[in-house]
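I have placed the structure first, in the form of structure tokens, so that the comments after it can refer back to it.
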Amino acid sequence: MKNILHIISSPRAEISASRKLGNAVVEKIKEKYSSAVIKERDLTKDHVPFLEEKHINTFFSPEESHSAEQTEISDYSKGLISELQEADIIVIDSPMYNFSVPATLRAYFDFTSRTGYTFKYDENGPKGLLNDKKLYIAFTSGNIYSEGPYQVYDSNVPYVKNVFGFYGVSDVSVFRAEGLSIPGIQETAMEKAIEGITID
Ligand SMILES: Cc1cc2nc3c(=O)[nH]c(=O)nc-3n(C[C@H](O)[C@H](O)[C@H](O)COP(=O)(O)O)c2cc1C
């Protein structure tokens, strides 16, 4: 049985392109693994807070010294991390928002990047602690970043890959529905992206 974690980051609901692509990836995974258990982490429903000093102080201090408030903050972060730890397959909807990921997703990474849980440092440098997982990135954008003059702005997918690579997740497949604002391309971009989904 495979545990699938589907991370949603677009605040749009019905018309969200990244949800559509991410949902299509999840459907294809279900076709392959019929007993798969899907868990959704909708970052637009339960907002992960933006980092404040109290959060940073919590994440960078030993558990045994934590106040009641810090214990609550740490437990919340560990709850998010445990979903990643339990997942065999992670699907992440990652739309391009102002040359980055949506702020909800950035906040999520701020609460899941914790030494001793998702990574650690040893004498060889950083080491990811989330191993043997598969990551699928469902990327959508108005413009085209995988090739052409705007490739230098391709800052979303490499960033998501780098964060998960730092966590130890190196088996990554990326599906892109790009050019969703470009007439002549937008009409078929999603359909082509969905057709191109392969689950390994
Ligand atoms: C707030 C906002 C910012 C956006 N910024 C960019 C951008 O920087 N580059 C781009 O190519 N498209 C941009 N777009 C277009 C989106 O990437 C595209 O519509 C994508 O499909 C949105 O995914 P969603 O429908 O799941 O929210 C932006 C859209 C929104 C709503």
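In listed order, ligands and their atoms are each counted from 1.
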Can you sort out which atoms of ligand 1 are near [X], meaning under 4.0 Å from one of its heavy atoms?
| X | result |
| --- | --- |
| Ser18 | 24 (P), 26 (O) |
| Pro95 | 22 (C), 23 (O) |
| Asn143 | 10 (C), 11 (O) |

When you measure from [atom] to every protein heavy atom, which one gives the shortest distance, and what is it?
| atom | result |
| --- | --- |
| atom 30 (C) of ligand 1 | Tyr97 CE1, 3.7 Å |
| atom 5 (N) of ligand 1 | Asn98 N, 2.8 Å |
| atom 24 (P) of ligand 1 | Ser10 OG, 3.4 Å |
| atom 16 (C) of ligand 1 | Met96 O, 3.5 Å |
| atom 25 (O) of ligand 1 | Ala17 N, 2.8 Å |
| atom 12 (N) of ligand 1 | Gly142 N, 3.1 Å |
| atom 20 (C) of ligand 1 | Thr140 OG1, 3.5 Å |

We want to know whether [X] and [Y] form a side-chain donor-acceptor pair, criterion being a heavy-atom distance below 3.5 angstrom.
| X | Y | value |
| --- | --- | --- |
| His6 | Asp93 | yes |
| Lys134 | Ser173 | yes |
| Ser94 | Tyr159 | no |

Parallel, tilted or perpendicular, as decided by the 30° and 60° cut-offs, for the rings of Phe175 and Tyr136: parallel

Cationic N near anionic O, under 4.0 Å, Arg19 to Asp42: yes

Lys32 with Asp200: basic N within carboxylate O range, under 4.0 Å: no

For ligand 1, the portion of Arg12 having any non-hydrogen atom under 4.0 Å away: side chain

Per-residue contact class, Tyr145 against ligand 1 - non-hydrogen pairs under 4.0 Å: side chain

Sequence neighbours excluded - side-chain hydrogen bond (donor to acceptor under 3.5 Å, both in side chains) pairs with any residue from residues 143-152: Ser146-Glu178

Close N or O approach (Leu180, ligand 1; < 3.5 Å): no

Test applied, side chain to side chain contact (heavy atoms under 4.5 Å, CB included); reference residue, Ile7; option that passes from Leu84, Thr112, Thr104: Leu84

Salt bridge (charged side-chain N to carboxylate O under 4.0 Å, His left out) involving Glu63 - partner list, sequence neighbours excluded: Lys78, Arg114

